[in-house]
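Excluded from the calculations below are hydrogen atoms, water molecules and symmetry mates; all remaining heavy atoms, backbone and side chain alike, are included. What you are looking at is a predicted structure, and each value in this text was computed from that prediction instead of being measured.
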Amino acid sequence: MSQEETTAGSAPDAAKPDGDHKKQDESAEAQERQRQKAWNARWDLIAHGPAFVSPLARTDAQRDLFGVTGGVVKGDVNYHFGSRPEQLEHLSGEIPQEQVEELSYVFHGCPSFDEALERLRSDRVVILSGGRDTGRRSAALMMLLRLRAGRVRSLDPPASLSVLLEQLDDATGHVLLNLATSRSHPLREPHLLGLRERLERNGGYLVITVEPSAALEDVPFVRWEPPSAEDMLRSHVTRHTGQAAWEGLFTLTPVTEFLARQQQPGEIEEFARQLVAFHRGESDTQKLAAYGEEAVTTQVSRWLTDEQRPTSLHDKAFLISLAVFDKAPYAVTAELADLLYIRLQQTANPRVPPEIPVFGGSREERMRLANARGYWDTEVTEWGPLVGQYFAAFRDERMARLLLEEVWNRRPSARSALVEWIRDLAEDGRPLVRTRAASATALLATADLSSAMALLVEPWADDDFNSWLTAANALTMAQLLGVPAVFRILHDWCTGDYEGRRWTAVRTYGLLGPVAYEHALNALLDAIRGQRHPADQEGDEDDAEAYAAFVEEEAKQFPDALELLLLALREPVLRALAERLESDRKVRTYALLAFLQACRQTDGPDDRPLVLDWYAQAAATVDDTEARDLVTFWQAALADREHTAQALRILRGWVLTADRDPESEAALTSLLPALVTTPANNHRVSHLLRSVRDAEKPPSPAAVRLLARISDL
């Protein structure tokens, strides 16, 4: 930007053309229209927040490469300069017979194993398609053992399928693990026919394992579905303890919790060793439970760092996204995972443009990688429930928190990308996405509060109204997660000089009412009484505008926070505010505004007013103190010149609701007589009932009946 541009961009507003002022005014009005009501924002937080809120990619080069995606390379990449090199000798090795026999003692069959075994017996070659770390290798070895294949050799995955035949020797059993194919080099029927011909000539068998995303062109395969975790664990344990002991071990709490997480075969084998040690008296239940906890942490670390089983950057982005959107629609998780992948790729290799595999990888494989479960459920939206949405969730609820903590604290090179991504989420138009941005920040705050505050919460609090809400939601959830410094932060912000942080704290106090209502209410009342307006009201035009904006924001934030407390907690907050209506003028102003805002909120299919329904319940109790406090608020609102018109508009809406909801009419039949005890209120309510009607329709039937009721008094 040139110096002239900089100067022009920083010119005072007074020097701008009238058209610019008009655009600014229109922008301000648009922002105000988009400003979400406090009670609706609270509903979004609860509806879209995680469980702990409840107490409130490919590029080919010369067609030789495969799986090169956005700078992450799956497989070997060879650069050749000059003439092509001679064919490298393929490596293979014989698998020790003792290893195969040892495996046979603990292997447990399953329907997909039986299907693959029959196909191998008849066709001499079978393709087993399944995810890594699901027992495919063990199944391959067991099939060859069952067919008495003799010596078993493990083959080196070939660079070209056409040279695979060269690897088949006189051994009768062959295993080819993790054969990589691509759309440019798929596995075709001629390959399979050639392999079968060679194997029939030699009397051998071949088992090939591939990923579910492998390119198979009209080639039959068997989808590998491993045995249940319980069956695998039982096979490992009963070899050493016997079946009778298993019946007792199976009911132990650490065992049932371990099995509920659908562990992988390698983890099951290790846990079986721990369980056998427990059976022999060499361990106890605490150590058994501790191993289950350690297994989760180990899994998270393996996802991010294990070089033996590398996970692509694209898959890691999905894992992190799932940690944020656990128990949310899968499509949202996958969509936003791609955005995170772009930012991670820009960090890893900024010179290479990110390339997202638009149709690469199946949903099932991604879920298997994440050890997650998919299920059909109903998505809650502001327009009502959406039935038949596919959700994704970790099988172990601890996984999300541990994964975010691992990335945040132990992989600092990913912090910048993660922070920018979460900021993008906070600006999304979907309440679910914005809420999860706040919940992710709260989880990060449990791992490193100072960094989460400096990089996310404080910038939000120093921004605009919508960002204040995200900051308030994050602080609210951080408190629910037990971050000890939250109330100290809120106190400092409420008494500090930063306006945005002050309003963020005020909204947070309103949200935290259900878990700490006395602390939240007292903090809000102290903030109202100690409110410090800008001192210089006679300064220049900028000072006057700042003062007017401050007062306008004040008149929204305090009533919003009190409304949240009032509707969420009802009786204790109502009583505390009612006691201050006559004695504390500052509190009275915001309490009446909060009460009238609460009176506009509705619920249920009949849009029944929440406060009217509240009054009906309170009036039906033996102790009518709560009902009298509600009447006191209504009488004060009707008698206050600043609020009379607003109160009458709300009453008018309630009367129209009574036309279609008999229970609302019954509540008004009790409430209105209690409001017209003074001549002024009697005149106001009577006039309202005589004139209320909906558009061109005749007078409200409910209004006629209600008018007759108060006229008889």
Side-chain angles (χ1 to χ4, degrees), residues 49-54 108 110 112 130-136 211-212 223-236 250-272 274-275 288-304 306 309 311 315-334 337 361-379 389-407 436 439-440 443:
F52 61 78
V53 179
S54 56
H108 195 286
C110 59
S112 58
R132 294 181 183 240
D133 298 321
T134 59
R136 294 177 308 172
E211 299 286 335
R223 174 72 68 181
W224 170 244
E225 295 292 343
S228 69
E230 178 184 342
D231 287 340
M232 286 188 281
L233 183 62
R234 181 172 64 247
S235 296
H236 282 284
F250 173 67
T251 59
L252 294 173
T253 299
V255 177
T256 58
E257 291 180 349
F258 179 83
L259 291 175
R261 297 192 290 270
Q262 297 295 311
Q263 306 288 354
Q264 295 174 342
E267 295 164 347
I268 292 173
E269 181 180 3
E270 181 57 35
F271 187 74
Q274 303 292 330
L275 193 54
L288 205 58
Y291 174 79
E293 180 76 28
E294 181 183 347
V296 180
T297 306
T298 301
Q299 176 64 73
V300 169
S301 180
R302 183 186 302 131
W303 277 337
L304 299 176
D306 193 347
R309 297 177 177 85
T311 305
D315 288 335
K316 291 175 183 177
F318 176 77
L319 289 167
I320 298 171
S321 182
L322 183 57
V324 174
F325 293 95
D326 191 24
K327 299 179 182 178
Y330 169 86
V332 175
T333 304
S362 67
R363 181 176 69 186
E364 290 71 21
E365 181 58 23
R366 289 184 120 182
M367 300 288 282
R368 187 181 293 110
L369 167 69
N371 196 15
R373 62 185 178 92
Y375 58 97
W376 297 95
D377 205 346
T378 300
E379 181 183 1
Q389 302 297 303
Y390 189 79
F391 283 65
F394 284 115
R395 296 186 183 276
D396 192 318
E397 293 186 352
R398 298 170 295 180
M399 197 68 77
R401 185 170 183 171
L402 290 172
L403 184 55
L404 286 175
E405 181 179 350
E406 177 81 13
V407 174
R436 291 307 181 92
S439 66
L443 286 169

>> Using the rule given for side-chain contact (heavy atoms from CB on, under 4.5 Å), can you reason through Val255 versus Phe271, listing the C-alpha separation, both sets of side-chain angles and the distance that settles it, and then say yes or no?
In response: CA-CA 9 Å; Val255 177; Phe271 187 74; 4.1 Å; yes

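- The backbone N or O of Phe318 lies less than 3.5 Å from no partner atom in the side chain of Ser321, so there is not a single donor-acceptor pair.
- At distances below 3.5 Å, not a single donor-acceptor pair connects side-chain atoms of Thr333 with backbone N or O atoms of Leu322.
- We find the CG-CH2 distance between Leu403 and Trp303 to be 6.5 Å, quoted to the nearest 0.5 Å.
- Across Asp377, Val332, Asp326, a single residue satisfies side-chain contact (heavy atoms from CB on, under 4.5 Å) together with Phe391, and that is Asp377.
- To the nearest 0.5 angstrom, Glu406 atom CD is 11.5 Å from Met399 atom CE.
- Atom CG in Leu443 sits 10.0 Å away from atom CG in Leu402 (nearest 0.5 Å).
- Looking at Lys316, its side chain does come within 3.5 Å of a backbone N or O of Leu304 through a donor-acceptor pair.
- The two atoms that bring His108 and Pro227 nearest to each other are O-CG, 3.1 Å, heavy atoms only.
- The CD1 atom of Ile320 sits 11.5 Å away from the CG atom of Asp315 when rounded to the nearest 0.5 Å.
- A salt bridge links Glu230 to Arg234: at least one charged side-chain nitrogen sits closer than 4.0 Å to a carboxylate oxygen.
- Residues Pro265 and Met232 come closest through the heavy atom pair CG-SD, 4.1 Å.
- To the nearest 0.5 Å, the span separating CD on Glu225 from CZ on Arg368 amounts to 6.0 Å.
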> Does the side-chain contact (heavy atoms from CB on, under 4.5 Å) test come out yes or no for Phe394 and Asn371, once each step is laid out?
Replying inline: CA-CA 6 Å; Phe394 284 115; Asn371 196 15; 5.7 Å; no

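- Here the closest heavy-atom approach between residue Ala317 and residue Ala337 is recorded as CB-O, 3.5 Å.
- Because its NZ or CZ atom is both nearer than 6.0 Å to the ring centre of Tyr390 and within 45° of the ring axis, Arg363 counts as a cation-pi partner of that residue.
- A distance of 6.5 Å separates NZ of Lys327 from OH of Tyr375, quoted to the nearest 0.5 Å.
- Across all their heavy atoms, Ala323 and Ala400 have their closest contact at O-CB, 3.4 Å.
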>> Could you walk me through whether Thr251 and Thr256 satisfy the side-chain contact (heavy atoms from CB on, under 4.5 Å) test, starting with their C-alpha distance in whole Å, then the side-chain angles of each, then the deciding distance to 0.1 Å, before giving a yes or no?
In response: CA-CA 7 Å; Thr251 59; Thr256 58; 5.8 Å; no

